[in-house]
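What follows is a structure written as structure tokens; I'll ask about it next.
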Amino acid sequence: MDENILFSYELKDAWFLPIAGVEVYKSGEVRCMAGDKDATSILDAQAFSEIENVIGSHPELFEYESPDIATPTIHDGVSNIFCFGAEDGRSTELVTLNIWALREEGYGDIGTYTAYEKGMRLLQVFDAVAGILTRNGVPSECLALR
């Protein structure tokens, strides 16, 4: 993971080809990719601080490992890649499969209760960061979960 990244998210298809994503750099620059569109913008200091606070209030993210997060079994699904950086230099990259399905009923085996809880916590943090970004002009299609 790039040490200059505060937050990044990437949606990829079943063959790990990029569909959409966003990168928030520690400089405040935001890069948004959706389909063949690629745009950059700058977050204001308040929005940047809000994202730092969301990530900082969830130190457990830096202890998670990708295999420990529930990944529902769906054929030809998607991958979701989340990266978080902390002020103290810690960083993590979490790769999940079809994490959107944790919010849906009837998608089969989701692993243990702990794996499910970790997946739901990751989604809560993602939703909070995504909300800040969309309120600050980042198109929601850059933050699609599927």
Side-chain angles (χ1 to χ4, degrees), residues 1-74 76-104 107 110-112 114-146:
M1 182 177 135
D2 184 338
E3 66 187 33
N4 296 314
I5 296 277
L6 174 63
F7 169 78
S8 73
Y9 167 71
E10 193 169 12
L11 172 67
K12 294 185 176 191
D13 67 15
W15 298 273
F16 288 93
L17 297 173
I19 298 171
V22 65
E23 296 172 337
V24 178
Y25 292 90
K26 292 179 180 176
S27 65
E29 181 181 354
V30 178
R31 181 175 174 228
C32 174
M33 298 89 44
D36 59 355
K37 299 175 194 169
D38 193 342
T40 59
S41 61
I42 301 292
L43 277 180
D44 64 33
Q46 180 179 345
F48 185 84
S49 178
E50 288 176 30
I51 293 171
E52 280 185 319
N53 289 338
V54 167
I55 294 170
S57 65
H58 292 281
E60 70 277 5
L61 291 176
F62 299 96
E63 297 170 13
Y64 290 179
E65 299 210 9
S66 296
D68 298 336
I69 299 171
T71 55
T73 303
I74 298 171
D76 293 330
V78 296
S79 64
N80 311 94
I81 303 166
F82 305 86
C83 296
F84 299 95
E87 291 180 58
D88 63 7
R90 290 178 299 156
S91 65
T92 189
E93 177 180 84
L94 301 169
V95 179
T96 66
L97 302 174
N98 309 305
I99 197 162
W100 60 270
L102 293 181
R103 294 180 173 153
E104 307 281 329
Y107 276 103
I110 59 165
T112 66
T114 301
Y116 173 78
E117 285 297 311
K118 287 180 179 182
M120 292 305 291
R121 178 67 50 92
L122 176 57
L123 283 173
Q124 289 172 344
V125 174
F126 173 77
D127 288 346
V129 173
I132 295 165
L133 291 172
T134 55
R135 283 193 309 275
N136 285 275
V138 173
S140 60
E141 56 266 13
C142 297
L143 297 155
L145 287 173
R146 65 174 171 167

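One is the number of the first residue; the rest follow in order along the sequence.
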| Any side-chain heavy-atom pair of C83 and F7 under 4.5 Å | no
| request: For G85 and F62, work out which heavy atoms get closest and say how close. | output: C-CZ, 4.1 Å
| request: Indicate the atoms forming the closest heavy-atom contact of I42 with E29, along with that distance. | output: CD1-CA, 3.8 Å
| Judged by atom type as modelled, is there a donor-acceptor pair below 3.5 Å linking the side chain of S66 to the main-chain atoms of V95? | yes
| message | I want to check something: taking the side chain as every heavy atom from C-beta on, are R31 and D38 in contact at a cut-off of under 4.5 Å? | response | yes
| message | To the nearest 0.5 Å, what is the distance between CD on E60 and CZ on R121? | response | 4.5 Å
| Heavy-atom distance under 4.5 Å between the side chains of V125 and F82, does that happen here? | no
| request: Could you tell me whether R135 and E50 make a salt bridge, using a distance below 4.0 angstrom between a side-chain N and a carboxylate O? | output: yes
| task | With side chain to side chain contact (heavy atoms under 4.5 Å, CB included) as the test, would you mind laying out the steps for L102 and Y116 before giving the verdict? | result | CA-CA 7 Å; L102 293 181; Y116 173 78; 4.0 Å; yes
| message | Quick one: does any side-chain atom of N136 pair with a main-chain N or O of I132 as donor and acceptor, under 3.5 Å? | response | yes
| said: Test your reading of the model: is there a side-chain donor-acceptor pair from D44 to the backbone of A47, 3.5 Å cut-off? | reply: yes
| request: State, with a plain yes or no, whether a side-chain heavy atom of E52 is found less than 4.5 Å away from one of L6. | output: yes
| task | I would like to know whether L133 and L43 meet side chain to side chain contact (heavy atoms under 4.5 Å, CB included); could you show each step before the answer? | result | CA-CA 8 Å; L133 291 172; L43 277 180; 4.0 Å; yes
| query | Is there any disulfide bond (SG atoms under 2.5 Å apart) pair reaching into residues 17-74, and which pairs are they, with sequence neighbours excluded? | reply | C32-C142
| said: If the threshold is 4.0 Å, N to carboxylate O, is there a salt bridge linking D13 and R146? | reply: no
| said: I need the minimum non-hydrogen distance between E23 and Y25, along with the two atoms involved. | reply: OE1-OH, 2.6 Å
| note | One should read off an interatomic distance between T134 OG1 and D127 CG, to the nearest 0.5 angstrom, of 10.0 Å
| query | I81 and E93: side chain to side chain contact (heavy atoms under 4.5 Å, CB included), yes or no, with the steps? | reply | CA-CA 7 Å; I81 303 166; E93 177 180 84; 3.9 Å; yes
| Closest approach of K26 to A86 (non-hydrogen atoms, all atoms of both residues) | NZ-O, 3.6 Å
| task | Measure the shortest side-chain to side-chain distance between T71 and I99 over non-hydrogen atoms and say whether it is less than 4.5 angstrom. | result | no
| request: Taking the side chain as every heavy atom from C-beta outward, state whether R90 and P59 have any atom pair closer than 4.5 Å. | output: yes
| Looking only at heavy atoms, what is the nearest atom pair of L145 and N80, with distance? | O-ND2, 3.0 Å
| request: Specify the closest pair of heavy atoms between E141 and A20, including all atoms of both residues, with the distance to one decimal. | output: O-CB, 3.4 Å
| Polar side-chain atom of S49 near backbone of A45 as donor-acceptor pair, under 3.5 Å | no
| Roughly how far apart are S91 OG and I5 CD1, rounded to 0.5 Å? | 10.5 Å
| field | Residue that, paired with L11, satisfies side-chain contact (heavy atoms from CB on, under 4.5 Å) out of L143, V22, V78 | value | V78
| request: Could you tell me whether the side chain of V30 reaches within less than 4.5 Å of the side chain of T40, counting heavy atoms only? | output: no
| remark: Between the CH2 atom in W100 and the CZ atom in F126, the distance rounded to the nearest 0.5 Å is 14.5 Å
| task | Would you check if P18 and E10 make a side-chain contact, meaning some heavy-atom pair closer than 4.5 Å? | result | yes
| query | Within the distance-only criterion (no hydrogens, no angle test), does the side chain of Y9 pair as donor or acceptor with the backbone N or O of A144 below 3.5 angstrom? | reply | yes
